[in-house]
Every structure is written in structure tokens, then in C-alpha cells.
Trainee: 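Please read through the structure below; I'll follow up with questions.
Quick caveat, the model's predicted, so the values are computed rather than measured. All values below come from the heavy atoms of this structure, side chains included, with hydrogens, waters and symmetry mates left out.
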Amino acid sequence: MGLTVLGLMSGTSADGVDGVLVRFWGRVNKPQWQLLSSGHHPYPIELQEQIIAAGQGQPLSAASFLQLEQEITNAQAICARLTDPSSRAQLLGCHGQTLWHQPPQGECLGASWQCLNAPRLAEILQRPVVSNFRAADLARGGHGAPLVPTTDRALIPSIGGWRGVLNLGGIANITLLPPAQGPDQAMALQGWDCGPANSLIDLAVQFFSCGAKNYDSDGSWALAGEVCEPLVQEWLTEPYFTQPPPKSTGRELFGRQNLEQRLKQLEQVGVSAAEDVIATLTAFSAAAVAADLGRGVKPLELLVSGGGCRNQALMLQLQKRCPGVWVRPLAELGIPHQQREALAFALLAWWQQRGVAAGLPSVTGASRQGPLGVAVHP
């Protein structure tokens with residue numbers, strides 16, 4: 001007997017909420033599933049700007065944060081109704097909107113803020129809601145991120161060699177699935193945040209277009225520019241990129257202030273034209289992924305999802321910097337690029353209801369495996 005679950009995801013890019021309605025049944029570790037419908041609700045521009053500002057440390061009053069939480073929750077509800085207009089979902093899995101992510105440091109536990117009023121969402125939709133997926137892993141000493149590698153293992157089949165799944169949202173995060181056979185078959189699932197994907201690129205586009213554009217459509221600006229390779233290689237020596245997994249990051253590190261520092265460095269070496277800056281930032285995002293793969297397991301193929309897979313310049317840079325790896329869209333396996341993470345949180349909600357210990361120490365660095373998510377009922 002299956003369960004119909006609605007998954008909702010709003011990522012670091014803060015462009016809106018993605019929703020999927022999916023039915024799961026069968027074995028919990030390798031479920032059968034059917035995608036029933038999907039939807040997307042873009043954030044209003046003012047709300048997007050507020051989220052990005054809050055995510056970069058802009059001070060807000062308590063009243064303003066409460067208002068922001070209410071607007072984010074309302075946006076999740078709108079996307080839920082768009083995705084499931086007939087209210088077929090029996091359960092919702094909602095990630096909420098990350099405003100701040102603080103990885104663990106030494107003896108100090110990490111923390112992560114996913115802004116959402118889950119009881120209000122459950123009341124609006126009259127369905128149980130599972131949310132707050134990162135908190136339990138953080139309490140166990142982990143990063144609480146990334147969480148999608150565990151669901152990738154359940155939903156994406158293994159092949160004869162290592163298989164990579166790369167999400168290019170605001171941040172680039174990667175999953176490495178062990179082979180289906182051979183000596184590495186028993187190796188642990190791997191996954192981590194590589195660094196910025198679209199976060200710095202989007203901010204640069206907004207800067208150079210004076211707010212007229214929010215992203216580099218199809219990578220056209222980057223394709224018209226020249227990459228400052230010496231600076232790309234210098235950036236790869238920064239502490240985050242030389243740190244081994246487990247590791248996680250977000251806009252609090254790769255946000256507006258970080259862009260301003262890089263713009264100054266580019267100007268110092270004579271790079272100031274918009275297309276050259278954006279080309280260099282695009283190459284940097286791809287180079288961070290390639291550098292991580294160069295230090296460890298090299299997959300046979302890299303399946304790419306997230307908004308960045310529509311950026312031709314970014315995809316070309318990945319292909320160039322990952323020689324011998326087949327780089328292609330995840331959509332070719334039947335999971336559209338915008339639906340992978342919403343699908344993941346639908347599965348995490350299903351697992352929470354089934355009592356599955358979804359948190360994985362080999363990915364997050366937690367002290368032990370355990371359940372994820374908190375359920376609330378209307």
C-alpha cells in the first residue's frame with residue numbers, strides 16, 4: 001500500500017518554491033515511486049530580496065522576521081495548492097527556506113535555520129507536515145547537510161562504476177554513489193557541498209545589470225567573456241576548498257560580501273568587464289567541483305540538476321574541467337532538474353513516517369545514524 005506525498009523545496013537561490021506530488025510504495029531503501037504532478041511558485045521580487053538580505057546577515061527586527069516567516073509559509077502553501085489542486089497528498093515534506101547555515105566547528109555544534117511555520121502550513125493545507133529535517137543531524141554533531149545524497153541512493157540506480165549526481169543551485173553539492181559491483185561496491189555513500197554554483201554568478205549579474213537581470217540566462221554573458229584562470233586557481237586555495245568532507249556551506253559564506261572581495265581582486269589584475277567577471281565566476285564554480293573530484297573518487301558520469309544545468313557556459317566548463325567524466329543532465333534519467341530536491345524531501349517525509357534512520361554519518365559527519373524531520377498535524 002503506497003502513500004501520496006507532496007514535497008516542497010526552496011533553495012539557496014531563493015527564486016521560489018518547487019513542488020512535486022509523488023506516490024511511494026515498496027521497500028523503504030529502494031522504493032518504487034511515481035511522479036504525479038509538479039509545480040513552481042516564484043517568490044515575489046520583494047520577498048526574494050528580503051530572503052537574500054537576511055541570508056547575508058542584514059539585521060532585521062523580531063517583527064520583521066516573523067513577517068518574513070509568514071510570507072515564506074504562505075508561498076509554500078501556494079506552491080502546494082498549485083502542485084496538488086485536488087488535495088490528493090496524504091503527507092507533506094517541506095524544507096522551508098534556509099536563512100543561515102553554520103557548520104560545526106571543533107567542539108561547537110552546528111546550527112541551521114530553515115524559516116517556516118510548519119503548524120501554520122499544516123493548518124492551511126489540513127495535512128500533516130514534516131519539516132526541520134536538519135536539526136537532529138546537527139544535534140548528533142553532523143553538518144545537517146547535504147541531505148539529498150541518501151535519497152539519491154534510494155532513487156537513482158547504481159552503475160558499473162562510481163556515479164556522481166551534482167546539484168547546481170545557489171550552492172553546488174555532490175553525491176557519489178558506489179558502484180553496483182566490484183571492489184568498491186561496499187564503499188560508503190559520499191556527499192558534500194563543493195562551494196558556490198549560482199550564488200556569486202547571480203549576484204554579479206544583478207550588480208552589472210543594475211538589478212534588471214537576476215541570472216545569466218543560458219550563460220550568454222559568460223560565453224562572451226574570457227576566464228582569468230590564474231585567479232580561479234588562486235581562489236581554489238582558500239580554506240573552504242582545501243577542507244576535506246564532510247563540509248557544508250551557503251550564502252553566509254558565498255554571498256554579497258564575498259562577491260565584493262572577488263570583484264576587487266579581479267579589478268586588481270585588470271578584469272572589470274562584466275562578461276569577463278561572470279565568465280571567471282562561472283569557471284570558478286565548475287573548477288571547485290572538478291578540484292574536489294580530483295582529490296578523491298572520479299566518477300564515470302556526472303548527472304547534473306538544478307538551475308545551473310541550463311547555463312551552457314557552466315556546463316561547458318564542467319565538461320572541460322572533468323575530462324573522462326560523462327557530464328549530462330539528470331533529466332535524461334526521468335528526474336527533471338527542478339524536481340530532484342523537492343522529490344528528496346517528499347521521500348524524507350515518507351521515511352520519517354516509516355521510522356527510517358535517514359541521517360548518514362558518512363555524508364554529514366554525525367556521530368551516528370538516526371531519523372530526520374519533525375512531524376506536525378493540523
Side-chain angles (χ1 to χ4, degrees), residues 11-13 55-56 98 100-106 110 112 142-146 148-149 162 164-176 190-204 222 227-266 268-269 271 277-299 302 304 306 308 311 313-323 325 327 362-365:
T12 313
S13 294
Q56 293 173 164
T98 299
W100 194 263
H101 181 76
Q102 182 174 306
Q105 295 181 352
S112 195
H143 283 245
V148 176
W162 285 87
V165 189
L166 177 67
N167 181 66
L168 296 174
I171 298 298
N173 53 67
I174 194 166
T175 299
L176 290 175
Q190 299 179 36
W192 62 89
D193 288 348
C194 302
N198 296 309
S199 60
L200 297 180
I201 301 169
D202 290 351
L203 288 169
V227 174
C228 179
E229 190 63 32
L231 206 47
V232 169
Q233 295 304 314
E234 180 183 330
W235 289 344
L236 292 177
T237 65
E238 294 170 5
Y240 185 81
F241 303 105
T242 57
Q243 174 187 339
K247 60 180 180 177
S248 58
T249 190
R251 194 179 289 277
E252 66 286 338
L253 181 57
F254 297 110
R256 193 174 305 279
Q257 185 177 0
N258 190 261
L259 173 66
E260 290 171 357
Q261 293 171 354
R262 297 189 194 281
L263 289 176
K264 289 178 182 176
Q265 291 175 294
L266 285 159
Q268 286 170 359
V269 296
V271 178
V277 170
I278 293 168
T280 302
L281 293 170
T282 302
F284 176 44
S285 292
V289 174
D292 274 355
L293 294 180
R295 284 188 286 266
V297 170
K298 183 177 181 179
L302 198 56
V304 186
N311 184 320
L314 185 50
M315 292 294 285
L316 286 170
Q317 283 290 331
L318 279 171
Q319 291 163 359
K320 173 186 175 182
R321 294 173 187 272
C322 300
V325 178
V327 179
S362 68
V363 173
T364 68

Trainee: List for me each residue that meets side chain to side chain contact (heavy atoms under 4.5 Å, CB included) alongside Leu293, sequence neighbours excluded, and say none if there are none.
Mentor: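 Partners of Leu293 by the side chain to side chain contact (heavy atoms under 4.5 Å, CB included) criterion, ordered by chain and then number, come out as Ile174, Leu176, Val289, Pro299, Leu302, Cys322.
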Trainee: For residues Ser13 and Gly170, report the shortest heavy-atom separation together with the two atoms involved.
Mentor: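 For Ser13 and Gly170, the tightest heavy-atom pair comes out as OG-N, 3.1 Å.
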Trainee: Which heavy atom of Gly195 sits nearest to which heavy atom of Phe241, and what is that distance?
Mentor: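 Smallest heavy-atom distance, with atoms named: CA-CE2, 4.1 Å.
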Trainee: Counting only N and O atoms by type, is there a donor-acceptor contact under 3.5 Å from the side chain of Ser112 to the main-chain atoms of His101?
Mentor: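 The answer is no, because no donor-acceptor pair under 3.5 Å joins these two groups.
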Trainee: Thr175 side chain to Gly191 main-chain N or O, any donor-acceptor pair under 3.5 Å?
Mentor: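 No, because the side chain of Thr175 does not come within donor-acceptor range (under 3.5 Å) of the backbone of Gly191.
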Trainee: Tell me which pairs pass salt bridge (Lys or Arg N to Asp or Glu O under 4.0 Å) where either residue lies in residues 241-254, with sequence neighbours left out.
Mentor: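 Only Lys247-Asp292 qualify under salt bridge (Lys or Arg N to Asp or Glu O under 4.0 Å).
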Trainee: Give a yes or no answer on whether the side chain of Gln56 reaches the backbone of Arg256 with a donor-acceptor pair at less than 3.5 Å.
Mentor: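 Yes, the answer is positive, given that a donor and an acceptor are paired below the 3.5 Å cut-off.
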Trainee: Applying salt bridge (Lys or Arg N to Asp or Glu O under 4.0 Å), which residue pairs with at least one partner in residues 237-246 are found, sequence neighbours left out?
Mentor: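 For residues 237-246: Glu238-Arg262.
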Trainee: Got a sec, which residues hit ring pair (Phe, Tyr, Trp, His ring centres under 6.0 Å) with Trp235, two or more places apart in sequence or on another chain?
Mentor: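 By the ring pair (Phe, Tyr, Trp, His ring centres under 6.0 Å) rule, Trp235 matches Phe284.
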Trainee: What is the minimum heavy-atom distance between Gly255 and Leu203, and which atoms define it?
Mentor: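 Smallest heavy-atom distance, with atoms named: C-CD1, 3.5 Å.
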Trainee: Taking only residues two or more places apart in sequence or in another chain, which ones pass side chain to side chain donor-acceptor pair (under 3.5 Å) with Ser199?
Mentor: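 Scan of Ser199 (side chain to side chain donor-acceptor pair (under 3.5 Å), adjacent residues dropped) gives none.
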Trainee: For Leu253, give me all partners under side chain to side chain contact (heavy atoms under 4.5 Å, CB included), at least two apart in sequence or on another chain.
Mentor: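 Side chain to side chain contact (heavy atoms under 4.5 Å, CB included) check on Leu253 returns Tyr240, Thr249.
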Trainee: So Leu318 and Leu166, side-chain contact (heavy atoms from CB on, under 4.5 Å) or not? Walk me through it.
Mentor: CA-CA 11 Å; Leu318 279 171; Leu166 177 67; 3.8 Å; yes
Trainee: Drop me the distance from Asn173's CG to Thr12's OG1, to the nearest 0.5 angstrom.
Mentor: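 It comes to 8.0 Å.
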Trainee: Mind checking the CD1-CG spacing from Ile171 to Leu200? Nearest 0.5 Å is all I need.
Mentor: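 So the gap between those two atoms works out to 7.5 Å.
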Trainee: Among residues at least two apart in sequence or on other chains, which ones pass side chain to side chain contact (heavy atoms under 4.5 Å, CB included) with Ala279?
Mentor: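 Testing Ala279 for side chain to side chain contact (heavy atoms under 4.5 Å, CB included), a comparison that skips the adjacent residues, returns Ala222, Val227.
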Trainee: Please report the closest heavy-atom contact between Val363 and Gln190, naming both atoms and the distance.
Mentor: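 Closest approach of Val363 to Gln190: CG2-C, 4.1 Å.
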Trainee: Could you work out, with side chain to side chain donor-acceptor pair (under 3.5 Å) as the rule, every residue matching Glu234, not counting sequence neighbours?
Mentor: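 With sequence neighbours excluded, Glu234 shows a side chain to side chain donor-acceptor pair (under 3.5 Å) to no residue whatsoever.
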Trainee: Leu314 versus Asn198: any side-chain heavy-atom pair under 4.5 Å?
Mentor: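 Of all side-chain heavy-atom pairs linking Asn198 with Leu314, at least one is under 4.5 Å.
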Trainee: Going by the rule salt bridge (charged side-chain N to carboxylate O under 4.0 Å, His left out), which residues pair with Arg321 if we only count those two or more places apart in sequence or in a different chain?
Mentor: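 With neighbours one apart ignored, the set is Glu229.
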Trainee: Please name all residues satisfying side chain to side chain contact (heavy atoms under 4.5 Å, CB included) with Gln261, sequence neighbours left out, ordered by chain then number.
Mentor: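 Gln261 satisfies side chain to side chain contact (heavy atoms under 4.5 Å, CB included) with Gln257, Asn258 only.
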Trainee: Does Gly144 offer a backbone N or O that forms a donor-acceptor pair with the side chain of Thr364 under 3.5 Å?
Mentor: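 Side chain of Thr364 to backbone of Gly144, a donor-acceptor pair under 3.5 Å: no, none is there.
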Trainee: Can you sort out the partners of His143 under side chain to side chain donor-acceptor pair (under 3.5 Å), two or more places apart, ordered by chain and number?
Mentor: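 For His143, the residues satisfying side chain to side chain donor-acceptor pair (under 3.5 Å) (neighbours in sequence not counted) are Ser248.
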